[in-house]
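In what follows, a single structure is set out as structure tokens and then discussed.
Just so you know, these numbers use all the heavy atoms, side chains as well, and skip hydrogens, waters and symmetry mates. In the text below, chain A, chain B and the rest are named by the order of the sequence lines, each starting its count at 1.
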There are 2 protein chains.
Amino acid sequence: MAEFTILEHENLNSVVYGALCDALMQGRFQPGDRLKIRDLAEQFGTSVTPIRDAILRLANDEAITFRSPRDIRIPGMAESRYREIRAIRIRLEGLAAETAAQLATSADIHALEVILRENEQAIEAGDRLKGTQLNQAFHFMLPQIAGLPVLNNILRRLWLQMGPHISDAYIQGGRAMIDHHYPVIEALKRHDPAAASMAIVDDILLGGKPILERIVHGAERPARRA
Amino acid sequence: MAEFTILEHENLNSVVYGALCDALMQGRFQPGDRLKIRDLAEQFGTSVTPIRDAILRLANDEAITFRSPRDIRIPGMAESRYREIRAIRIRLEGLAAETAAQLATSADIHALEVILRENEQAIEAGDRLKGTQLNQAFHFMLPQIAGLPVLNNILRRLWLQMGPHISDAYIQGGRAMIDHHYPVIEALKRHDPAAASMAIVDDILLGGKPILERIVHGAERPARRA
DNA sequence: ATAAGGTACTTGATGCATCTTTTTTGACGT
DNA sequence: ACGTCAAAAAAGATGCATCAAGTACCTTAT
């Protein structure tokens with residue numbers, strides 16, 4: 001789904017990094033989960049070296065942390081941290097939406113509509129994973145339309161951090177997740193930057209409510225073994 | 001000067017990463033410079049492993065790039081990319097300044113004034129390196145005062161990318177680099193978020209002008225050998 | 001003198017052995 | 001049962017050997 005920086009030549013470490021990024025963003029890891037380099041090496045069928053490389057990059061992204069020198073885990077998320085990420089997203093996705101509203105072609109808008117329609121169907125079908133992916137795809141489309149690759153990368157890293165915390169929230173949220181995507185598309189059609197920005201901000205604040213709830217009231221499950 | 005995520009336990013790879021970050025932000029690398037893992041390993045007196053780890057992290061930060069599978073270099077900066085980074089900084093440092101204006105204690109303000117005074121002296125003395133460092137320190141203080149560590153990290157990565165492109169620009173800029181820091185401090189004293197934001201935006205746009213000039217008119221020097 | 005072809009070298013990627021420290025585990029005593 | 005402590009196992013860090021691919025250089029034939 002989400003293609004990463006194609007620029008990088010395909011190493012094993014990039015493959016592993018990409019796979020782990022996908023897993024993270026799809027909520028296939030839970031906060032507290034432990035990662036073991038040797039186990040992952042076995043899963044990926046490589047030596048430990050490419051795994052270490054990928055782990056180090058993920059740690060650099062703060063998507064995983066070293067709780068202690070030998071304990072690699074998916075970190076928890078303090079409420080303050082989530083609120084900070086949300087505030088950053090509002091500024092950055094607001095910028096992306098404004099710029100996209102000025103530059104969007106009809107092809108861009110069509111692509112957004114396709115994603116939104118598929119997302120709708122996924123939610124109807126109760127396909128949580130697909131719904132999550134398509135929601136993310138929608139958000140990543142805006143900086144892409146806006147021609148803002150740096151911004152896109154920053155958001156990708158933020159999503160890497162949010163991934164483990166949104167898995168269950170989407171079920172609770174249901175259609176609320178995409179309700180605000182319609183006005184975004186409308187604003188882009190009208191080339192109305194202010195409206196596009198406001199719509200995406202609404203989406204971040206209101207659509208993201210279940211995520212915050214979960215972080216605050218903690219759907220605490222015991223840390224799993226890797 | 002700039003302390004990084006203290007959370008990480010001190011590995012060799014973190015030491016190398018930190019050292020390279022410092023070098024990058026101090027403008028000790030030029031765009032086009034080539035990095036060789038074995039050479040760096042010799043310089044740092046380690047094996048190649050920790051160097052590779054650090055290089056991979058820096059590449060993940062897009063502070064260095066793999067021009068081809070065996071050619072690690074300091075990347076150039078397209079004008080569009082610089083403009084994008086500037087737009088992002090405006091949004092994020094604006095947020096930091098607003099929040100800092102609400103939260104700043106007198107101790108925070110004092111710390112800023114100390115940095116600014118030292119920066120002034122460094123510029124008087126023509127100490128380009130110190131001036132650069134203190135300017136960065138000033139900018140990093142705002143998200144710190146605002147209690148926004150995620151934002152701080154994003155900005156750090158952006159500075160990593162800008163580092164190689166600002167070295168000479170500062171000399172040309174001279175005092176213009178810090179002229180706009182005074183109104184920032186004034187706004188923080190008055191707890192005036194809007195004024196703080198505007199001041200920092202002025203700094204980014206006007207103070208950063210020489211950097212943009214250099215990128216556009218390229219102070220192109222031939223790529224050095226590492 | 002020049003260009004083609006091939007050889008040697010450079011260099012990052014990968015795998016693996018080993019080191020040190022942490023984590024786990026289980027025995028023991030309270 | 002519970003906590004403590006020590007031995008054993010685990011796990012990341014580091015170094016290094018080797019691989020493959022790209023680069024540079026040198027030979028050789030025209």
Side-chain angles (χ1 to χ4, degrees), chain A residues 4-21 24 29 31-76 222-226, chain B residues 4-21 24 29 32-75 222-226:
Chain A
F4 304 112
T5 43
I6 309 298
L7 308 174
E8 66 183 329
H9 54 285
E10 275 306 323
N11 302 330
L12 276 185
N13 103 52
S14 299
V15 173
V16 174
Y17 178 75
L20 290 179
C21 282
L24 244 6
F29 288 107
D33 279 2
R34 185 169 178 187
L35 301 179
K36 296 183 184 179
I37 290 178
R38 284 173 173 83
D39 289 352
L40 288 171
E42 193 176 6
Q43 289 177 36
F44 281 94
T46 71
S47 76
V48 296
T49 307
I51 308 291
R52 274 193 76 244
D53 294 346
I55 292 281
L56 251 6
R57 290 173 63 181
L58 254 357
N60 196 45
D61 291 332
E62 294 184 278
I64 62 182
T65 58
F66 287 75
R67 179 185 289 192
S68 75
R70 257 149 259 226
D71 192 359
I72 306 173
R73 286 180 190 267
I74 307 296
R224 290 190 311 192
R225 272 288 125 87
Chain B
F4 305 112
T5 43
I6 309 299
L7 307 173
E8 67 183 329
H9 53 286
E10 276 305 323
N11 302 329
L12 275 184
N13 105 51
S14 300
V15 173
V16 174
Y17 178 76
L20 290 179
C21 282
L24 244 6
F29 288 107
D33 279 1
R34 185 169 179 188
L35 301 179
K36 295 182 184 178
I37 291 178
R38 285 174 174 81
D39 289 354
L40 289 171
E42 193 177 5
Q43 288 178 35
F44 281 95
T46 70
S47 76
V48 297
T49 307
I51 309 291
R52 275 194 75 245
D53 295 345
I55 293 282
L56 251 7
R57 290 174 63 182
L58 254 358
N60 195 46
D61 291 331
E62 294 184 277
I64 63 182
T65 59
F66 287 76
R67 178 184 291 192
S68 76
R70 312 282 141 101
D71 193 358
I72 306 171
R73 284 180 191 270
I74 307 296
R224 291 189 311 192
R225 270 289 124 84

Starting at [atom1] of [X] and ending at [atom2] of [N], how long is that distance when rounded to a whole Å?
{"X": "B:Leu35", "N": "C:dG12", "atom1": "CG", "atom2": "P", "result": "9 Å"}
{"X": "B:Phe66", "N": "C:dA13", "atom1": "CZ", "atom2": "P", "result": "5 Å"}
{"X": "A:Ile51", "N": "D:dA11", "atom1": "CD1", "atom2": "P", "result": "14 Å"}
{"X": "A:Glu42", "N": "D:dA11", "atom1": "CD", "atom2": "P", "result": "11 Å"}
{"X": "B:Leu58", "N": "C:dG12", "atom1": "CG", "atom2": "P", "result": "14 Å"}
{"X": "B:Ile64", "N": "C:dG12", "atom1": "CD1", "atom2": "C1'", "result": "12 Å"}
{"X": "B:Arg73", "N": "D:dT23", "atom1": "CZ", "atom2": "C1'", "result": "12 Å"}
{"X": "B:Leu56", "N": "D:dA13", "atom1": "CG", "atom2": "P", "result": "14 Å"}

Is the shortest heavy-atom distance from the side chain of [X] to the side chain of [Y] under 4.5 Å?
{"X": "A:Asp53", "Y": "A:Arg57", "value": "no"}
{"X": "B:Leu24", "Y": "B:Ile74", "value": "yes"}
{"X": "B:Phe29", "Y": "B:Leu20", "value": "yes"}
{"X": "B:Leu35", "Y": "B:Leu58", "value": "no"}

_Protein within reach of the bases, or only the backbone? For nucleotides 14-22 of chain C, mark each nucleotide 5' to 3' as B, S or -, using heavy atoms under 4.0 Å._
BBB-B-BBS
*With heavy atoms under 4.0 Å as the rule, sort B:Ile55 into base, sugar-phosphate or nothing.*
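Counting heavy atoms under 4.0 Å across all strands, no contact is made by B:Ile55.
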*side-chain contact (heavy atoms from CB on, under 4.5 Å) with B:Val16: which of B:Leu40, B:Ile55, B:Asn11, B:Ile51?*
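For B:Val16, the side-chain contact (heavy atoms from CB on, under 4.5 Å) test succeeds with only one of B:Leu40, B:Ile55, B:Asn11, B:Ile51, which is B:Ile51.
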_Side-chain donor/acceptor of B:Arg73 to backbone N/O of B:Gly32, under 3.5 Å_ =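 At least one qualifying donor-acceptor pair exists.
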